[in-house]
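Reminder, nothing fancy here: chain letters follow the sequence lines and each chain counts from 1.
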2 protein chains.
Amino acid sequence: MATELFTFLARYMTLTDEEKRVIIDLDIFHSFKKGTILLHEGECSEASYFVMKGCIRCYYMIDGEEKTTAFYTESESHSPQCVITKEPSKYVVSCVEDSILTVTTASMEQESFEKFPRFQTLCRLLSEDLLVKNQATLDDFKISSPEARYLNLLRSRPDLVQRVPQHQLASYLGITPQSLSRIRKRIMDEEKSAVKA
Amino acid sequence: MATELFTFLARYMTLTDEEKRVIIDLDIFHSFKKGTILLHEGECSEASYFVMKGCIRCYYMIDGEEKTTAFYTESESHSPQCVITKEPSKYVVSCVEDSILTVTTASMEQESFEKFPRFQTLCRLLSEDLLVKNQATLDDFKISSPEARYLNLLRSRPDLVQRVPQHQLASYLGITPQSLSRIRKRIMDEEKSAVKA
DNA sequence: TGCATTTCTTAACAAAAGGTAACGTTTTTG
DNA sequence: CAAAAACGTTACCTTTTGTTAAGAAATGCA
């Protein structure tokens, strides 16, 4: 069951069987139905998530509209802002699909650091990696047009374009659903002309 | 001399005099002239930076144009992508002003972790914090218009708008210098009307 | 100081994105 | 199963941004 998690962690360090056992014994694997809200706006939860299977989404409610800013799918993890800052969450986290997630808290982390100091190294490496990825995404956002960002997403996360509603993808790309629809049409038309020529 | 650094680190943990001494003995404080390039495109440096005084900038060279994506000023730090990924850097890091920086390498970090395990906790906390800040910046980018982003920057980093060339600020905001110029004019005009009314 | 470069602004036009609304389709759900 | 809600696309018009170009202002350097 925990294969996805241990394969992921192996990117950073090889865990002993004992260490794996400690993780499994934490009883952190949980199933959630599509639409389940994991974190409400204003809530100050302690839970962080790792996606074993499924997809979770972060969105802000702005003037009654959902503004989606992040998706996490298989082998991706997310520590909500409020877990780090201890302030009420500005955004909502919900399940886009039926999902199996690991749910961990800061205190569980702390305990595991004391039992196995290497876990802290693991967390540091993971955190540094996520920061670099996030920075690269932000950079890309600044230097690319909406169309370029969509094309880039098609290359880098083709599954996402399939499994997620278009209007959620749109705000994830920083545009309106109508704009995304136009961009898709534009690309299709250009492909058609390209094939002809 | 190291006051700025220790004030910053105190946000995360109180260091003992001995620990501070270890840091000072690393001899990590260096001065750089305005325009100095700290990291070239394609280079695979090991150095991370903390700004004691001055300002450094990250930019990509795209079609012969500089696309600025980040500024770091007093008490901000930056680990270039290449330090984490060990791959050639896709961007340049240079000094916008004469600057005093701390320059540290992964191996220096490693050594300090061994002498003082608490340093690793410090780095983990710092990294988690940076990730949350970066995520918030990215979210804000997705849900805000260029004008809203500029107004937001005026509030959150008013110094930056003063000390940095407009055309560098523009790409930092994800727009062209001409667009930024128009936005500034628009805001000025609106302020004038507001005062009249 | 004076010349060259860089920087900032403005203008005019083209391209793209936002807002509003309508319409057909799909998905939920009672 | 049928009504309701949600979703994706298209159209029209407005607003904003990109592009190209030019000129004024500031800056750097010899």
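- Closest to the side chain of P165(B), from the set dC8(C), dG8(D), dT16(D), is dC8(C).
- No more than 12 heavy atoms of other residues, nucleotides or ligands lie within 6.0 Å of CZ in R21(B), so this atom counts as exposed by the packing criterion.
- As rounded to whole Å, 21 Å separates atom P of dA15(C) from atom CD1 of I175(B).
- Contact annotation: the side chain of F50(B) never approaches that of L126(B) to less than 4.5 Å [non-hydrogen atoms, C-beta and beyond].
- Between H167(A) and dA6(D) there is no side-chain N or O to OP1 or OP2 distance below 4.0 Å.
- Between R186(A) and dT9(D) there is no side-chain N or O to OP1 or OP2 distance below 4.0 Å.
- The residue among L180(B) and Q166(A) whose nearest nucleotide of DNA chain D lies closer to the 5′ end is Q166(A).
- Remark: P of dC8(C) and CE of M188(B) are 15 Å apart, rounded to the nearest angstrom.
- Looking at heavy-atom distances under 4.0 Å, P177(A) makes no contact with the nucleic acid at all.
- Close to dT28(C), at under 4.0 Å from its OP1 or OP2, lies a side-chain N or O of K34(A).
- The nearest whole Å value for the distance from the CD1 atom in I183(A) to the P atom in dA15(C) is 16 Å.
- Between the CG atom of D189(B) and the P atom of dT16(D) there is a distance of 12 Å, rounded to whole Å.
- The CG-P distance, from L173(B) to dT17(D), rounds to 11 Å in whole Å.
- Aromatic rings of Y91(A) and Y60(A) (six-membered ring for Trp) have centroids within the 6.0 Å cut-off, being under it.
- Judged by atom type and distance alone, R184(A) does not reach the base of dG8(D) through any side-chain donor-acceptor pair under 3.5 Å.
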Open item on the list: Could you walk me through whether R57(B) and Y172(B) satisfy the side chain to side chain donor-acceptor pair (under 3.5 Å) test, starting with their C-alpha distance in whole Å, then the side-chain angles of each, then the deciding distance to 0.1 Å, before giving a yes or no?
Closed with: CA-CA 10 Å; R57(B) 169 175 76 107; Y172(B) 179 70; over 6 Å; no
Task: Test salt bridge (Lys or Arg N to Asp or Glu O under 4.0 Å) applied to K133(B) and E76(B), step by step - done: CA-CA 12 Å; K133(B) 281 208 183 74; E76(B) 292 183 322; over 6 Å; no
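- Under 4.0 angstrom from either OP1 or OP2 of dG8(D) there lies no side-chain N or O belonging to S181(A).
- In this structure, Q178(B) places its CD atom 12 Å from C1' of dA22(D), rounding to the nearest Å.
- Computed from coordinates, the R163(B) CZ to dA26(D) P distance equals 22 Å when rounded to whole Å.
- Following rounding to the nearest Å, Q168(A) (CD) and dA6(D) (P) show an atom-to-atom distance of 13 Å.
- T176(A) has no side-chain polar atom (N or O) that falls below the 4.0 Å cut-off from OP1 or OP2 of dA17(C).
- Checked by distance alone, R182(B) brings a side-chain donor or acceptor within 3.5 Å of a matching partner on the base of dG18(D).
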